[in-house]
Amino acid sequence: MNRILAISDIHGELALFEELLLKASYNPEEDQLFLLGDYIDRGPASSGVLNLVSELQEKGARVLLGNHEAIMLNACRSGLAKPWNHWVGLCGGDATLASYGYQLSDFEDAIATQTLPSFIKTLPKLEEHLQLIENFETYIELEDAIFVHGGVVPGVAMAETDPMQLLWIREEFHAGYEGDKTVIFGHTPTYRLHQNPTDYSVYFGENNIIGIDGGAVFGGQLHAFEWPSRQIISVEHKKPTSDD
């Protein structure tokens, strides 16, 4: 393997994802691709992103679960109205369903009759993607680095950590990590880590953490982070010109 490429928080931005893979000259026969979660929600093409993620996984990419995939799974598998409404109302799940050609009204009867999980099993592509997500990993640990969606719990071994904490943790990890291994993570848009609303660049923390969620779906950047070289390849939304 020539290099590891890590990408996180695509959030339905299929065109940017495809552009980034081309710009990075990704070659599955030579490169190892790590995808760090949050492929869905808010952006315009979540279904298309998951199709591509599945293809990349078949070619050798390692794929991690993000908190948005966990939210989607809970919404679709629990059959309960509260997690469903949380997903589609607050987390961008409405955009994800639209990418499959569905409207929220298509699910009203199943919610009302508490038959949502069985109804979703009749929707082939959505069910296929849920089964795909159910088999994603939660972290990748190498001799010198850890790749994870949200972060690690300081002082707790990876194998002993509640997987959900790896998807959701923020400040406790950002401020408290003191490990020897470099942690490459997404989940928290880097402008928040930089404390600058216009800075979407990769964040290099003084405590050996590297944040790569460039907030692409918010108009920021989508990053591919090379390990161990620490080189960065980035793409961003094309700014409209006066001729558009």
Side-chain angles (χ1 to χ4, degrees), residues 1-11 13 16-17 20 23-24 26 31-39 42 61-70 136-237:
M1 288 293 176
N2 292 340
R3 60 181 175 167
I4 291 169
L5 282 174
I7 301 172
S8 192
D9 294 82
I10 300 161
H11 281 299
E13 296 287 352
L16 285 183
F17 187 25
L20 182 59
K23 187 173 182 180
Y26 169 62
D31 304 319
Q32 175 66 69
L33 180 63
F34 292 169
L35 301 174
L36 308 190
D38 280 10
Y39 314 103
R42 300 197 174 105
R62 294 185 66 177
V63 184
L64 301 188
L65 188 70
N67 64 299
H68 277 260
E69 287 79 47
F136 288 167
E137 302 176 79
T138 52
Y139 69 93
I140 301 165
E141 186 168 13
L142 308 180
E143 288 186 5
D144 56 356
I146 298 168
F147 295 81
V148 67
H149 179 66
V152 307
V153 180
V156 180
M158 298 298 291
E160 298 173 4
T161 304
D162 177 353
M164 286 299 106
Q165 289 186 284
L166 302 176
L167 309 186
W168 286 96
I169 195 168
R170 294 191 197 270
E171 287 79 8
E172 178 188 357
F173 158 65
H174 302 154
Y177 180 71
E178 297 178 347
D180 293 330
K181 295 186 179 185
T182 302
V183 181
I184 296 94
F185 66 101
H187 186 46
T188 301
T190 57
Y191 73 87
R192 292 173 55 178
L193 297 164
H194 291 298
Q195 298 183 6
N196 179 341
T198 63
D199 188 352
Y200 292 98
S201 64
V202 169
Y203 172 80
F204 292 88
E206 295 180 358
N207 58 336
N208 216 15
I209 67 173
I210 301 175
I212 67 169
D213 174 7
V217 77
F218 302 119
Q221 299 174 312
L222 190 64
H223 300 297
F225 181 77
E226 290 187 16
W227 184 260
S229 71
R230 300 184 179 226
Q231 297 299 305
I232 301 161
I233 303 106
S234 305
V235 295
E236 58 187 298
H237 289 279

A.B. asks: Would Y139 and V152 satisfy side chain to side chain contact (heavy atoms under 4.5 Å, CB included), going step by step from the backbone distance to the final call?
C.D. replies: CA-CA 9 Å; Y139 69 93; V152 307; over 6 Å; no
A.B. asks: If you define the side chain from C-beta out and look only at heavy atoms, does anything of V63 sit under 4.5 Å from E69?
C.D. replies: no
A.B. asks: Donor-acceptor check, side chain of T190 to backbone of G214, threshold 3.5 angstrom: yes or no?
C.D. replies: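 A pair under 3.5 Å: no.
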A.B. asks: For a 4.5 angstrom cut-off between non-hydrogen side-chain atoms, does V148 reach V183?
C.D. replies: yes
A.B. asks: Can you list the steps and then say if R230 with F204 is a side chain to side chain contact (heavy atoms under 4.5 Å, CB included)?
C.D. replies: CA-CA 10 Å; R230 300 184 179 226; F204 292 88; 4.1 Å; yes
A.B. asks: Please examine the side chains of Y26 and L20, heavy atoms only from C-beta on, and report whether any two atoms are closer than 4.5 Å.
C.D. replies: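 Not touching, per the 4.5 Å side-chain cut-off.
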A.B. asks: Taking all atoms of both residues into account, what is the closest heavy-atom pair of R170 and P189, and its distance?
C.D. replies: NH1-CD, 4.5 Å
A.B. asks: Answer yes or no: is there a side-chain heavy-atom contact under 4.5 Å between I209 and L193?
C.D. replies: no
A.B. asks: Rounded to the nearest 0.5 Å, what separates atom OH in Y203 from atom CG in D213?
C.D. replies: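 The CG atom of D213 is 14.0 Å from OH of Y203, to the nearest 0.5 Å.
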A.B. asks: Could you go step by step and tell me if V202 and I210 meet the side chain to side chain contact (heavy atoms under 4.5 Å, CB included) rule?
C.D. replies: CA-CA 7 Å; V202 169; I210 301 175; 3.6 Å; yes
A.B. asks: State, to 0.1 Å, how close I212 and A6 come at their nearest heavy-atom pair, and which atoms those are.
C.D. replies: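 Reported closest heavy-atom pair: CD1-O, 3.7 Å.
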A.B. asks: Taking atom CD1 of I184 and atom CD1 of I7, what is their separation to the nearest 0.5 Å?
C.D. replies: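 Answer for the CD1-CD1 pair, I184 versus I7, is 13.5 Å.
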A.B. asks: Under 3.5 Å, side chain of N67 to main-chain N/O of D38, donor-acceptor pair present?
C.D. replies: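 Absent.
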A.B. asks: Among residues at least two apart in sequence or on other chains, which ones pass side-chain hydrogen bond (donor to acceptor under 3.5 Å, both in side chains) with Q165?
C.D. replies: none
A.B. asks: Give a yes or no on whether the backbone of V153 and the side-chain of E172 come within a donor-acceptor separation of less than 3.5 Å.
C.D. replies: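 The answer is no, because no donor-acceptor pair under 3.5 Å joins these two groups.
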A.B. asks: Would you give the length of the straight line joining atom CZ of F34 to atom CD of E137, rounded to the nearest 0.5 angstrom?
C.D. replies: 8.5 Å
A.B. asks: Do Y191 and N196 come close enough that some side-chain heavy atom pair is under 4.5 Å?
C.D. replies: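 Result no, sub-4.5 Å side-chain heavy-atom pair not found.
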A.B. asks: Less than 4.5 Å apart, side chain to side chain, heavy atoms only: is that true for L16 and I10?
C.D. replies: no
A.B. asks: Please name the pair of heavy atoms, one in I169 and one in P154, separated by the smallest distance, quoted to 0.1 Å.
C.D. replies: CD1-CD, 4.4 Å
A.B. asks: Roughly how far, to the nearest 0.5 Å, is CD1 of I140 from CG of L35?
C.D. replies: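 Here the rounded value is 8.5 Å.
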A.B. asks: Would you find a donor on one side and an acceptor on the other, under 3.5 Å apart, between the side chain of N208 and the backbone of D180?
C.D. replies: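 Yes; judged by distance alone, with no hydrogens or angles, the pair exists.
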A.B. asks: Tell me, please, which residues at least two apart from E226 pass salt bridge (Lys or Arg N to Asp or Glu O under 4.0 Å).
C.D. replies: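 So E226 forms a salt bridge (Lys or Arg N to Asp or Glu O under 4.0 Å) with R3.
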A.B. asks: Just jot down the salt bridge (Lys or Arg N to Asp or Glu O under 4.0 Å) partners of K23, sequence neighbours excluded, or say none.
C.D. replies: none
A.B. asks: Is the shortest heavy-atom distance from the side chain of R62 to the side chain of F147 under 4.5 Å?
C.D. replies: no
A.B. asks: Would you check if the side chain of R42 reaches a backbone N or O of E13 as a donor-acceptor pair within less than 3.5 Å?
C.D. replies: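 Side chain of R42 to backbone of E13, a donor-acceptor pair under 3.5 Å: no, none is there.
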A.B. asks: So H149 and H187, would you call those rings parallel, tilted or perpendicular, with 30° and 60° as cut-offs?
C.D. replies: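 Tilted.
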A.B. asks: For the pair D162 (side chain) and M164 (backbone), establish whether a donor and an acceptor sit closer than 3.5 Å, ignoring hydrogens and angles.
C.D. replies: yes
A.B. asks: Report the distance from atom CE of M158 to atom CG of L166, rounding to the nearest 0.5 Å.
C.D. replies: 4.5 Å
A.B. asks: Identify the two heavy atoms, one from S8 and one from G186, that lie closest to each other, and give their separation to 0.1 Å.
C.D. replies: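 Reported closest heavy-atom pair: OG-CA, 3.5 Å.
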A.B. asks: Using the rule given for ring-ring contact (aromatic ring centres under 6.0 Å, His included), can you reason through Y177 versus F185, listing the C-alpha separation, both sets of side-chain angles and the distance that settles it, and then say yes or no?
C.D. replies: CA-CA 13 Å; Y177 180 71; F185 66 101; 9.5 Å; no
A.B. asks: Out of curiosity, L167 CG to L36 CG, how far, rounded to the nearest 0.5 Å?
C.D. replies: 11.5 Å
A.B. asks: Closest approach of S234 and H223, non-hydrogen atoms and distance?
C.D. replies: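 Reported closest heavy-atom pair: OG-ND1, 2.6 Å.
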A.B. asks: For the residue pair F218 and H11, does the interplanar ring angle fall in the parallel (under 30°), tilted (30 to 60°) or perpendicular (over 60°) class?
C.D. replies: tilted
